[in-house]
Amino acid sequence: MERINTEAYRVKEEIDLSQLTTYQDFGASEKELKKALKNIRKDLGEFQDTMYAHGKYGVLLCLQGMDTAGKDSLIREVFKDFNARGVVVHSFKVPTPLELRHDYLWRHYVALPERGKFSVFNRTHYENVLVTKVHPEYILGENLPDVESVSDIDDAFWEKRYRQINDFEKHVAENGTVIFKFFLHLSKEEQRQRLLRRIHLKRKNWKFSPGDLEERKLWGDYQKCYEEALNKTSKDHAPWFVVPADNKEAARVIVASVMLEALKKYKDIKEPELDDKIKANLETFKQELEKESP
């Protein structure tokens, strides 16, 4: 299996999505990729245990991608070896009436990870510059003071949102949240095949929605919006990674590898030392327990 260069997937300069590959296999079989992921996620699980004990950082994992890009299965496979207490998944849907009574970042802010835990955003605050940009009429539901009609939603409006999102992420990063953002880069043909599988396989029928076909017709619009969002919001404190998603096993290995490599750089994350008084009396405590009758 080829070595994974995680930096190759980071958005460091302006990108053109049409020029980036949607398929990767690292010269490995499906079995080899699954074995690689198993080893990486074991290390990630052990790191999370230490991070939980350390209690000073949280990790936010943001996943974006077109329908069928593999977000749900990626979450299941990458976090399989985590302690259940250590990871919380949030799947953001259409905003509720309560959420619409707040600013668009409110529901994401309250879902940020506690110190010591991972939070996964399955679809994220970026929907507010993606689906709403493709369907600007959705913005009207936010009841904003300076937006009376779709014509008020101009380029300056979107630039303001990019700035707000960058400010939001910078704020939480400066307060101990490690941010990873992954765009699962799927080809249109692979999406077609995955949608057909949802129709052909009875056990997957429940996943199919006619609405997916309507959104598919807007593929070009979505790609343009993704490209702009990636280029405007990939920062050192909150980088974007474009992950080839046509091969699910390889995509999972890339995401896990990026996280583990970056988290290992936090040398201050370690298990806390015992209080000196407790440490000095460990032998006494051990003898007391050993004297107990079974």
* Spacing of F47 atom CZ and L260 atom CG [to the nearest 0.5 Å] -> 8.5 Å
* Asked: Residues two or more places apart in sequence or in another chain: which of them pass side chain to side chain contact (heavy atoms under 4.5 Å, CB included) with D167?
  -> R163
* Using the salt bridge (charged side-chain N to carboxylate O under 4.0 Å, His left out) rule, pick out the option among K42, K38, R76, R41 that qualifies with D81. => R41
* Asked: In terms of side-chain geometry, is the basic nitrogen of E214 or K217 positioned less than 4.0 Å from the acidic oxygen of its partner?
  -> yes
* Close side-chain approach of L195 and T68, heavy atoms under 4.5 Å -> yes
* Would you check if the side chain of R3 reaches a backbone N or O of F26 as a donor-acceptor pair within less than 3.5 Å? => no
* Between CZ of F183 and CD of Q64, what distance do you get to the nearest 0.5 Å? -> 8.5 Å
* T233 and N166: side chain donor to acceptor below 3.5 Å -> no
* Kindly check if the number of other-residue, nucleotide or ligand heavy atoms within 6.0 Å of CD (E290) is above 12? => yes
* To do: Check for a donor-acceptor pair, side chain of H185 on one end and backbone N or O of L20 on the other, with a separation under 3.5 Å.
  => yes
* **Aromatic plane relationship, Y226 with Y222 - under 30° parallel, 30 to 60° tilted, over 60° perpendicular** => tilted
* Hey, is the main chain of K270 close enough, under 3.5 Å, to the side chain of T50 for a donor-acceptor pair? -> no
* Asked: Is K80 paired with E77 through a side-chain N to carboxylate O contact shorter than 4.0 Å?
  -> yes
* To do: Verify, without hydrogens or angle tests, whether E99 (side chain) and R107 (backbone) share a donor-acceptor contact under 3.5 angstrom.
  => no
* Indicate the atoms forming the closest heavy-atom contact of N128 with W158, along with that distance. => O-CZ3, 3.3 Å
* Pair E142 + R161, salt bridge at N-O below 4.0 Å -> yes
* Can you tell me how far CZ of R192 sits from CG of L186, rounded to the nearest 0.5 angstrom? -> 12.5 Å
* Asked: Taking N247 for the side chain and Q24 for the main chain, is one N or O donor matched with an acceptor at less than 3.5 Å?
  -> yes
* To do: Determine whether the side chains of Q287 and E283 contain a donor N or O and an acceptor N or O closer than 3.5 Å.
  => yes
* Asked: Backbone N or O of D268 within a donor-acceptor pair of the H54 side chain at under 3.5 Å?
  -> yes
Exercise answer: donor-acceptor pairs, residues 205-212 side-chain atoms, under 3.5 Å, sequence neighbours excluded:
unit_1 : atom_1 : unit_2 : atom_2 : d
N205   : ND2    : R198   : O      : 2.7
N205   : ND2    : I199   : O      : 3.1
N205   : ND2    : L201   : O      : 3.0
W206   : NE1    : R203   : O      : 3.2
S209   : OG     : G211   : N      : 3.2

* Return yes if some donor-acceptor pair links the side-chain N/O of N122 with the main-chain N/O of K71 below 3.5 Å, else return no. => no
* Asked: Any chance CD of E46 has more than 12 other-residue heavy atoms, nucleotides or ligands included, within less than 6.0 Å?
  -> yes
* Residues forming a ring-ring contact (aromatic ring centres under 6.0 Å, His included) with F82, sequence neighbours excluded -> F79, F118
* Asked: With a cut-off of 6.0 Å (strictly less than), are more than 12 heavy atoms of other residues, nucleotides or ligands near CZ of R101?
  -> no
* To do: Answer yes or no: does atom CD of E137 have more than 12 heavy-atom neighbours from other residues, nucleotides or ligands under 6.0 Å?
  => yes
* Taking only residues two or more places apart in sequence, or in another chain, which ones meet S18 in a side chain to side chain contact (heavy atoms under 4.5 Å, CB included)? -> D16
* Heavy-atom pair with the smallest gap, counting every atom of G86 and Q48 -> CA-NE2, 3.3 Å
* Is the backbone N or O of T284 less than 3.5 Å from a side-chain atom of N281, with the two atoms forming a donor-acceptor pair by type? -> no
* Keeping the roles fixed (side chain from K181, backbone from A238), state whether a donor-acceptor pair exists under 3.5 Å. => yes
* To do: Compute whether any side-chain donor of one residue and acceptor of the other, for Y104 and Q164, lie under 3.5 angstrom apart.
  => yes
* To do: Decide whether a cation-pi geometry holds between R115 and Y57; the criteria are a distance under 6.0 Å from NZ or CZ to the six-membered ring centre and an angle within 45° of the ring axis.
  => no
* Asked: Can you tell me if E169 uses its side chain to pair, donor with acceptor, with the backbone of H237 under 3.5 Å?
  -> no
* In the hydrophobic clustering (ILVMFWY, side-chain contacts below 4.5 Å, transitive), which residues join L274, or is it alone? -> I278, L282, F285
* To do: Take Y126 and L230 through the test side-chain contact (heavy atoms from CB on, under 4.5 Å) and record every step on the way to the result.
  => CA-CA 10 Å; Y126 283 92; L230 295 171; over 6 Å; no
* For the residue pair F121 and H108, categorise the inter-ring angle as parallel (less than 30°), tilted (30 to 60°) or perpendicular (more than 60°). => tilted
* **D152 to D146 - nearest heavy-atom pair and separation** => CB-O, 3.9 Å
* **Residue pairs passing the side chain to side chain donor-acceptor pair (under 3.5 Å) test where at least one lies in residues 248-260, sequence neighbours excluded** => S73-R252
